[in-house]
Amino acid sequence: MRTKTTAGGIGGDRHRSLLAWYRRHRRDLPWRRTRDPYAILVSELMLQQTRVAVVEDRWRRFLERFPDVEALAGASADDVLALWSGLGYYRRARQLHAAARAIRDRHGGRVPAEAARLRELPGVGAYTAAAVASIAFDRPEPPVDGNAARVLARWFRLRGDARSGPAARRLARRAAELVPRDGGAGEWNQALMELGALVCLPRRPRCGACPVASSCGAAAEGRPERYPGPGRATRPVRESVVRAALERNGRWLLRRNGAGETPEGLFEFPALPCPSGRATPAAVARLVERRWGWRVEDCRELGTVRHQILARSILVRVFAARVVAGPAMPPRSAGTFRRVALSRLSELPVSGATLKIARLLARR
DNA sequence: TTCCGGGAAT
DNA sequence: ATTCCCGGAA
């Protein structure tokens with residue numbers, strides 16, 4: 001049983017080693033160069049379930065477009081979603097938008113500093129509330145993200161599902177014990193998460209480079225990758241779908257997903273109700289005409305695109321064709337369509353799969 | 001080519 | 001317990 005000694009307590013050797021490592025090795029991320037709570041809130045919302053490398057560029061563009069709470073709160077949902085295109089989990093964008101409006105309407109336009117108040121904002125859970133409170137306001141709150149959970153699980157040999165249940169509670173308690181109470185909470189929390197991101201890796205931890213390996217329980221056991229415990233259980237089911245890229249006068253027809261279709265409200269190349277295995281250019285051309293009334297020429301299979309929607313792994317077969325006759329827009333019952341040039345795709349909210357298909361079309 | 005990591009809401 | 005996505009490591 002590891003007991004809490006002076007050396008291991010707050011301000012002791014463990015803290016000093018990790019903080020020294022962090023100051024030396026921390027990545028120069030754009031949101032670490034600002035103290036603006038709004039900018040930090042945006043970064044944390046984006047970083048939920050999304051890697052740093054992807055978020056970096058998106059965060060810059062998002063803040064350029066919506067530099068403060070007021071700008072975001074006053075924006076349209078479509079504009080916010082357009083800046084989010086390809087990031088996935090589009091609910092986060094709607095929630096961030098709603099959070100900005102709540103901050104404007106209920107907090108006088110200032111991001112609240114209390115974790116409890118932050119927690120009330122849409123899209124802000126326990127982790128994000130603690131992260132913003134500590135990083136932007138230096139409150140002694142302990143955010144436990146996947147990285148911190150893994151570091152703590154190994155450090156203190158806490159096994160089990162880190163995402164919920166008793167193991168998650170033990171991790172939260174440890175994190176709360178460790179966070180400095182009189183300054184430096186944000187720095188400490190980021191150090192813990194950075195260690196998880198750079199050194200205490202899920203599969204092949206680099207214990208040789210770890211500043212706290214000498215006090216790490218899992219490293220002492222020699223099998224650190226066994227912590228925290230079992231991860232995802234189910235394997236994704238494989239599916240296949242056919243989508244039509246229809247061009248008319250240099251513009252492509254996109255359909256907006258309706259209620260119940262995911263991702264809801266985003267534009268995608270329209271799907272066809274065709275058993276993917278039997279899709280041929282002729283069959284696709286026939287379906288397009290029957291479904292939307294468009295007569296097409298030069299129908300051919302352009303290629304395939306893969307994407308994941310949680311439990312499903314979807315293979316998209318893309319057929320491209322030129323519309324030569326038919327209505328400007330299909331009947332209302334077929335959904336909402338829009339004609340858009342590839343160069344203007346970034347102005348619309350679109351899914352990642354749509355961006356992939358657009359890349360396919362661009363280098364045709 | 002497959003596999004895996006990563007928060008919040010309901 | 002289930003739903004939401006994507007990119008990069010293996």
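Just so we're on the same page: letters track the sequence lines, and every chain starts at 1.
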Gap between atoms CZ and P, on A:Arg94 and B:dA9 respectively (whole Å): 15 Å
Are A:Glu64 and A:Arg61 ion-paired here, with the side-chain N under 4.0 Å from a carboxylate O? no
Under 4.0 Å from OP1 or OP2 of B:dG6: is there any side-chain N or O of A:Arg150 that close? yes
With sugar-phosphate meaning primed atoms plus P, OP1 and OP2, does A:Tyr127 contact a base, only sugar-phosphate, or nothing at under 4.0 Å between heavy atoms? sugar-phosphate
Given A:Arg23, A:Arg24, A:Arg27, A:Arg26, the one that forms salt bridge (Lys or Arg N to Asp or Glu O under 4.0 Å) with A:Glu194: A:Arg27
Base, sugar-phosphate, or nothing: which does A:Arg119 touch, judged by heavy atoms less than 4.0 Å apart? sugar-phosphate
Side chain to side chain donor-acceptor pair (under 3.5 Å) pairs, two or more places apart, involving residues 329-338 of chain A: none
Restricting to pairs with a member in residues 25-58 of chain A, which pass ring pair (Phe, Tyr, Trp, His ring centres under 6.0 Å), not counting sequence neighbours? A:Trp21-A:His25, A:Trp31-A:Trp59
Which of residues 38-66 of chain A have a heavy atom under 4.0 Å from DNA chain C? A:Arg51, A:Val54
With sugar-phosphate meaning primed atoms plus P, OP1 and OP2, does A:Ser313 contact a base, only sugar-phosphate, or nothing at under 4.0 Å between heavy atoms? nothing
Between B:dG7 (P) and A:Leu87 (CG): distance, integer Å: 14 Å
Let's see if you get this right: which residues in residues 255-268 of chain A place a heavy atom under 4.0 Å from DNA chain C? A:Thr262, A:Pro263
Could you list the donor-acceptor pairs under 3.5 angstrom formed by side chains in residues 260-275 of chain A, with sequence neighbours left out?
{"from": "A:Glu261", "atom 1": "OE1", "to": "A:Arg255", "atom 2": "NH1", "distance (Å)": "3.4"}
{"from": "A:Glu261", "atom 1": "OE1", "to": "A:Gly258", "atom 2": "N", "distance (Å)": "2.5"}
{"from": "A:Glu261", "atom 1": "OE2", "to": "A:Arg255", "atom 2": "NH1", "distance (Å)": "3.4"}
{"from": "A:Glu268", "atom 1": "OE1", "to": "A:Asn257", "atom 2": "ND2", "distance (Å)": "3.0"}
{"from": "A:Glu268", "atom 1": "OE2", "to": "A:Ser351", "atom 2": "OG", "distance (Å)": "2.7"}

Do A:Ile103 and A:Val42 sit in one hydrophobic cluster, given that two such residues count as connected whenever their side-chain heavy atoms are within less than 4.5 Å of each other, even indirectly? yes
Proximity to DNA chain C (any heavy atom under 4.0 Å), residues of residues 301-308 of chain A only: A:His307, A:Gln308
CA sep, side-chain torsions, deciding dist, call: A:Trp294, A:Phe337, ring pair (Phe, Tyr, Trp, His ring centres under 6.0 Å): CA-CA 13 Å; A:Trp294 290 315; A:Phe337 281 76; 5.6 Å; yes
Salt-bridge contact A:Arg154-A:Glu225 (side-chain N to carboxylate O under 4.0 Å): no
Are A:Arg243 and A:Phe319 in a cation-pi contact, defined as NZ or CZ under 6.0 Å from the six-membered ring centre and within 45° of the axis? no
Taking only the side-chain nitrogens and oxygens of A:Tyr90, find out if one of them lies under 4.0 Å from OP1 or OP2 of C:dC6. yes
Charged N-O contact under 4.0 Å between A:Arg256 and A:Asp78: yes
Over how many whole Å does the gap from A:Ile314 atom CD1 to C:dC4 atom C1' extend? 12 Å
Identify whether any heavy atom of A:Arg92 sits under 4.0 Å from a base atom; if not, whether one sits that close to sugar-phosphate; answer base, sugar-phosphate or nothing. nothing
Carboxylate-amine/guanidinium proximity below 4.0 Å for A:Glu114 and A:Arg139: yes
